[in-house]
Amino acid sequence: MPELSQDTKKIAVMGAGLIGTRHIEGVLAEPRTTLAAVIDPSDAARDATRANSLPWFASLPEALAESRPDGIIIATPNRLHVAHALEAIAYGIPALIEKPIADHAEEAANLVRAADAAGVPILIGHHRRYNPIIGEAKRILESGRLGTILVAHGSFWAAKPADYFKIEWRRQPGAGPAFINLIHDVDLFRFLLGEVESVHAMESSAARNYEVEDTAAVLLRFVNGTLATLTASDAASSPWSWEMTSGENPVFPQQRQTCYQIGGTTGALAIPELKLWEYAGAPDWLQPLRAERVSVTPADPLMLQLRHFCDVIEGRAAPLVSGEEGLATLRVVEGIKASARTGRTIVLERSRP
Ligand SMILES: NC(=O)c1ccc[n+]([C@@H]2O[C@H](COP(=O)([O-])OP(=O)(O)OC[C@H]3O[C@@H](n4cnc5c(N)ncnc54)[C@H](O)[C@@H]3O)[C@@H](O)[C@H]2O)c1
């Protein structure tokens with residue numbers, strides 16, 4: 001573990017695209033961090049970074065020749081995460097790696113082993129876990145108020161515009177709504193409901209005919225017996241996704257709708273509304289259900305994640321989403337892809353690297 005220190009942390013951001021730009025804004029806005037470097041070889045990133053008078057470098061070694069960051073945020077395309085994280089680990093720099101940890105579980109397991117062996121912390125960017133809505137949902141589930149959790153459903157139904165697909169890697173295997181979007185929902189379901197035992201999935205690319213799917217339907221069985229469904233489409237004009245309902249990212253106009261429903265023997269919970277449904281007496285479908293809305297103070301989970309990354313760099317906290325957690329979530333998504341490919345139910349390997 002690094003030594004405890006409360007100095008401002010110098011953070012480099014590698015990959016200044018869609019999410020990298022939000023990380024750069026976050027690092028600039030957070031009093032505990034300064035921006036050490038923007039690392040991205042593209043002309044667009046160089047021009048935008050220089051136009052904002054920020055330090056730009058084409059590679060990590062070039063940035064290191066100028067100054068050494070205390071931590072690095074890796075926001076490059078999925079297939080580059082492992083190579084970039086291994087580079088950071090070789091220099092002993094703690095890394096916040098955007099999700100998915102890798103685009104193959106084998107590579108992710110190698111990365112987790114390398115980070116462990118070097119004693120360099122890595123944190124995986126499943127940032128929704130920091131959202132106070134999810135914290136409260138977890139508290140409600142753990143309180144036992146819903147009884148035994150039997151069933152859950154989650155939807156990622158959203159309409160990505162044609163422009164989104166101008167970037168080539170987003171049309172190719174390794175991208176697609178299962179790897180890019182549903183992985184967040186899978187991670188939250190693992191966080192809220194427990195470890196996944198098996199998955200069965202179907203995919204379709206009927207809307208756009210790209211190599212990657214645009215639509216998927218997934219059945220999940222959890223080790224504790226809970227059954228769940230997750231459905232995803234990035235071509236469906238609908239308000240039912242975390243992105244559209246949670247209000248955590250201001251680029252998405254918020255809809256007061258639900259994207260996750262969790263049902264237990266004594267109650268049900270709708271998320272992100274945090275609407276809790278119960279009977280006054282013994283559960284009975286002939287009696288009226290009453291609903292209570294639990295309120296939380298909203299907070300930006302990306303900023304909370306960044307503060308947690310500072311704590312991890314300082315050695316005050318163990319990563320909330322460790323490499324092992326990122327790997328376990330990736331294994332579920334790989335299981336989904338394998339099931340859709342083979343038509344078989346996939347029993348998941350236990351997630352030890
Ligand atoms: N946490 C979230 O909610 C969230 C949201 C969007 C994307 N992501 C993840 O973030 C990653 C990036 O996604 P995006 O949509 O921002 O992609 P993007 O294509 O918009 O940006 C990627 C950037 O990486 C740069 N890059 C490519 N090769 C590089 C290299 N060798 N060194 C440094 N930079 C390099 C590209 O020039 C580009 O600017 C993906 O893994 C994606 O899954 C996470």
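Model, not experiment: these values are computed from the prediction. In each ligand, atom 1 is the first atom listed, and ligand 1 is the first ligand listed.
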Provide, to 0.1 Å, the distance between atom 21 (O) of ligand 1 and the closest protein heavy atom, together with that atom's residue and name. Gly17 CA, 3.2 Å

Only heavy atoms of Met14, strictly under 4.0 Å: list the atoms of ligand 1 that pass. 33 (C)

Atom indices of ligand 1 within 4.0 angstrom of His184 heavy atoms, with elements: 1 (N), 2 (C), 3 (O)

Any idea which atoms of ligand 1 are less than 4.0 Å away from a heavy-atom of Gly15? 23 (C), 24 (O), 25 (C), 34 (N)

Measure Ile39 to ligand 1 on non-hydrogen atoms and call it side chain, backbone, both or neither using the 4.0 Å cut-off. backbone

Looking only at protein heavy atoms, what sits closest to atom 9 (C) of ligand 1 is Lys99 O, 3.6 Å

For atom 13 (O) of ligand 1, grab the closest protein heavy atom and report residue, atom and distance to one decimal in Å. Trp169 CZ2, 3.8 Å

Using a strict threshold of under 4.0 Å (side-chain N to carboxylate O), is an ion pair present between Asp43 and Arg46? yes

Could you tell me, atom by atom, which parts of ligand 1 come under 4.0 Å of a heavy atom of Pro41? 29 (C), 30 (C), 32 (N), 33 (C), 34 (N), 35 (C)

Can you name the residues that form a side chain to side chain contact (heavy atoms under 4.5 Å, CB included) with Asn181, not counting sequence neighbours? Phe156, Lys160, Pro177, Glu243

Suppose we measure from atom 27 (C) of ligand 1 to each protein heavy atom; which comes out shortest, and what is that distance? Pro77 CD, 3.8 Å

Quick one: does Leu80 get an N or O within less than 3.5 Å of an N or O on ligand 1? no

Around atom 20 (O) of ligand 1, find the nearest protein heavy atom and jot down its residue, atom name and distance. Leu18 N, 2.9 Å

Do His153 side-chain atoms and Thr229 backbone N/O form a donor-acceptor pair below 3.5 Å? yes

What atoms of ligand 1 come closer than 4.0 angstrom to any heavy atom of His127? 1 (N), 2 (C), 3 (O)

For atom 6 (C) of ligand 1, which protein heavy atom lies nearest, and how many Å away is it? Ile19 CB, 3.7 Å

For Tyr91, does the six-membered ring have the charged nitrogen or CZ of Arg68 within the cation-pi criterion, i.e. under 6.0 angstrom from the centroid and within 45° of the normal? no

Could you tell me whether Glu195 and Arg190 have a side-chain N and a carboxylate O separated by less than 4.0 Å? yes

Protein heavy-atom partner closest to atom 44 (C) of ligand 1 - residue, atom, separation in Å: Glu98 OE1, 3.1 Å

Under-4.0 Å heavy-atom contact with ligand 1, by part of Ala16 that carries it: backbone

When rounded to the nearest 0.5 angstrom, what is the spacing between CG in Leu306 and OG1 in Thr33? 5.0 Å

Just checking, any donor-acceptor pair under 3.5 angstrom between side chains of Glu273 and Thr258? yes

Within 45° cone of Phe179 ring axis and under 6.0 Å: Lys337 NZ or CZ: no

Is it the side chain, the backbone, both or neither of Ala45 that has a heavy atom closer than 4.0 Å to ligand 1? neither

Is Arg128 salt-bridged to Asp187, cutoff N-O under 4.0 Å? no

What protein heavy atom sits nearest atom 12 (C) of ligand 1, and how far away is it? Ala75 O, 3.4 Å

When His81, His126, His23 are each screened for side-chain hydrogen bond (donor to acceptor under 3.5 Å, both in side chains) with Glu98, the one that passes is His23

Ligand 1 atoms nearer than 4.0 angstrom to some heavy atom of His84 are 30 (C), 31 (N), 32 (N)

Please work out which of the three classes, parallel, tilted or perpendicular, describes the rings of Tyr260 and Trp242, given edges at 30° and 60°. parallel

Where ligand 1 meets Ser42 - atom numbers and elements under 4.0 angstrom, heavy-atom basis: 37 (O)

How are the rings of Phe189 and Phe222 set relative to one another: parallel (under 30°), tilted (30 to 60°) or perpendicular (over 60°)? tilted

